[in-house]
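Accompanying notes for the structure given below.
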Amino acid sequence: MTAPVVVIGGGFIGLCSALQMQRRGLAVTLVDPGDPEAAASFGNAGQFAVGEVVPLSGPDTPAKVPRWLMDPLGPLAIRWRHLPRLTPWLIRLLRAGRPDRVATISASMAALSDRIHLDYQPLLEAAGAQALVQPGPHLRVYPSRAAFDADGWRWDMRVKAGLRHDLLDRDALHALEPTLGEDIHFAVAALDATSVIDPLALMRAFDACFRAGGGTVVTGKVTAFTRQGNAVSGVTLADGRVIAASQVVIAAGAWSHRLTRLLGDRVPLESERGYHVMLPDPGVMPRHTMSHVARGFAVLPMGDRLRLAGTVELASLEAPPNWDRARRLIEGARTLLPGLNTEGARFWMGHRPGLPDSLPVIDRATRARNVIYAFGHGHFGLSWAATTGRLVADLATDTSSNLDIAPFRVGRFAGPVWA
Ligand SMILES: Cc1cc2nc3c(=O)[nH]c(=O)nc-3n(C[C@H](O)[C@H](O)[C@H](O)COP(=O)(O)OP(=O)(O)OC[C@H]3O[C@@H](n4cnc5c(N)ncnc54)[C@H](O)[C@@H]3O)c2cc1C
């Protein structure tokens with residue numbers, strides 16, 4: 001009997017890859033430690049970010065970073081102790097912000113972003129999970145029209161990529177969203193954005209669909225690979241179990257580089273730590289999902305609960321959470337929604353798998369040709385998971401793709417940091 005394809009990681013990237021390969025008739029085994037809260041997929045903001053084509057880094061990033069770091073409510077924090085280790089990643093981040101690079105990266109983001117709904121639809125249908133997705137629009141709010149205008153090139157980039165949107169002045173905005181605080185004077189409604197009302201429920205629905213389709217789920221952590229020539233014939237778990245594999249997919253989120261290193265590929269993957277606060281009885285409930293652009297967080301109705309999520313903290317995978325970051329989400333949210341009730345608030349921290357050029361790696365391993373990489377989706381891993389899964393299934397079945405994966409090659413990081 002042929003060994004299964006082994007997928008490492010049970011977040012959205014691993015789950016969607018497993019489902020898409022199963023749909024092509026492959027036998028698939030998924031390995032995950034079994035603690036969903038450890039996955040970024042559990043705690044994200046639930047946005048299917050249609051039309052989000054702006055990389056993390058741009059030409060104005062070097063000027064903006066000091067201001068962000070000085071602002072305790074700002075969107076970015078760095079634990080200075082980790083700076084020496086982070087420096088190569090930060091250099092690559094700044095270099096990815098050169099104007100020529102930004103345009104190219106944005107085009108690659110658009111290629112993924114354009115397919116979000118198309119590639120999710122069959123998976124949602126098969127899992128009976130359509131009801132977990134709520135329609136938009138998503139509101140990007142600004143204190144003023146001037147603050148929106150200052151978004152300049154970022155906004156132009158979205159419009160050029162075809163984002164369907166409405167600009168909302170104060171009256172239009174407050175009529176649409178009466179819960180908003182008085183100090184918010186401008187917004188853009190992203191018309192095609194949709195969102196997941198419960199990311200954990202969607203993970204569970206995909207997991208159940210995968211098992212119902214004959215997929216096997218193994219609880220465990222992969223620590224090593226069995227090599228046979230230039231291929232991998234199995235994975236070894238922390239408890240010593242070995243699972244034979246015809247192919248392996250590494251979809252272990254922010255931990256993926258630890259596995260690629262075992263295969264000889266060094267990848268500059270960093271945890272862009274994000275926080276969320278779950279409010280069981282928020283007192284005010286906006287009608288729409290909203291993001292506060294300047295502060296880098298979102299306010300997300302999820303059924304009768306409200307999630308506040310976002311910000312980026314660069315520290316490490318091991319550093320303990322700084323719950324002040326979560327408390328600051330509450331402070332920020334109060335500027336949007338005065339009267340917010342935070343009783344019973346639950347805090348969470350998770351690891352976005354961040355590559356410095358804002359693009360994922362979707363490719364074959366350099367030195368083990370039956371290993372496929374699918375990680376590094378940063379801020380858009382929920383959005384791009386179904387498409388990534390389809391590309392993984394194309395690679396696993398040697399089928400040509402209608403989407404060029406050249407921009408997602410692992411080899412793009414082979415050169416020196418300053419190249
Ligand atoms: C606060 C926040 C808000 C966000 N909002 C959005 C949003 O609105 N829209 C959007 O598109 N994206 C959003 N994201 C990003 C998105 O959540 C991530 O990009 C995505 O979840 C990454 O999925 P993944 O499957 O690669 O990784 P993960 O979800 O982290 O899953 C990786 C899994 O691999 C497992 N694993 C690790 N090592 C091993 C090993 N050795 N063996 C076996 N298993 C292993 C882990 O335990 C984990 O279960 C947000 C992220 C955060 C933190």
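Atoms within a ligand are numbered from 1 in the order they appear, just like the ligands themselves. On a predicted model such as this, the values are computed, not experimentally measured, just so you know.
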Q | ligand 1 contact on F12 by region, counting heavy-atom pairs under 4.0 Å | A | backbone
Q. For ligand 1, is any non-hydrogen atom under 4.0 Å from W384's backbone (N, CA, C, O), its side chain (CB onward), both, or neither?
A. neither
Looking at [X], which atoms of ligand 1 are within less than 4.0 Å of one of its heavy atoms?
| X | answer |
| --- | --- |
| L382 | 10 (C), 11 (O), 12 (N), 16 (C) |
| S383 | 9 (N), 10 (C), 11 (O) |
| F380 | 10 (C), 11 (O), 12 (N) |
| Q47 | 7 (C), 8 (O), 9 (N), 10 (C), 11 (O) |
| V31 | 43 (C), 44 (N) |

Could you tell me whether [X] and [Y] have a side-chain N and a carboxylate O separated by less than 4.0 Å?
| X | Y | value |
| --- | --- | --- |
| D35 | K221 | no |
| R364 | D398 | yes |
| R81 | E318 | no |
| E37 | R346 | yes |
| R140 | E52 | yes |
| R327 | D324 | yes |
| R95 | D357 | no |

Identity and distance of the protein heavy atom lying nearest [atom]:
| atom | answer |
| --- | --- |
| atom 23 (O) of ligand 1 | S41 OG, 3.3 Å |
| atom 30 (O) of ligand 1 | A40 N, 2.9 Å |
| atom 12 (N) of ligand 1 | H379 O, 2.9 Å |
| atom 4 (C) of ligand 1 | N44 CB, 3.2 Å |
| atom 53 (C) of ligand 1 | R352 CG, 3.5 Å |
| atom 45 (C) of ligand 1 | P33 CD, 3.7 Å |
| atom 15 (C) of ligand 1 | G378 O, 3.1 Å |
| atom 26 (O) of ligand 1 | I13 CG1, 3.2 Å |

Q. Applying the ring pair (Phe, Tyr, Trp, His ring centres under 6.0 Å) test to H351, which of Y275, F375, W255 qualifies?
A. W255
Q) With a cut-off of 6.0 Å (strictly less than), are more than 12 heavy atoms of other residues, nucleotides or ligands near CZ of R266? A) no
Q. Which is closest to atom 38 (N) of ligand 1 by heavy-atom distance: F42, W255, F48?
A. W255
**Q.** Selection from D35, T289, D32 by shortest heavy-atom distance to atom 33 (C) of ligand 1
**A.** D32
Q.
For S291 and H138, which I'm curious about, is there any donor-acceptor pair between the side chains at under 3.5 Å?
A. yes
Q. D265 and T260: side chain to side chain donor-acceptor pair (under 3.5 Å), yes or no, with the steps?
A. CA-CA 5 Å; D265 283 314; T260 68; over 6 Å; no
Q: Give a yes/no verdict on whether any heavy atom in G220 is under 4.0 Å from an atom of ligand 1.
A: yes
Q. Are the side chains of L395 and Q247 in touch, meaning some heavy atoms are under 4.5 Å apart?
A. no
(Q) Below 3.5 Å, N or O to N or O, backbone or side chain included: is there any such pair between A309 and ligand 1? (A) no
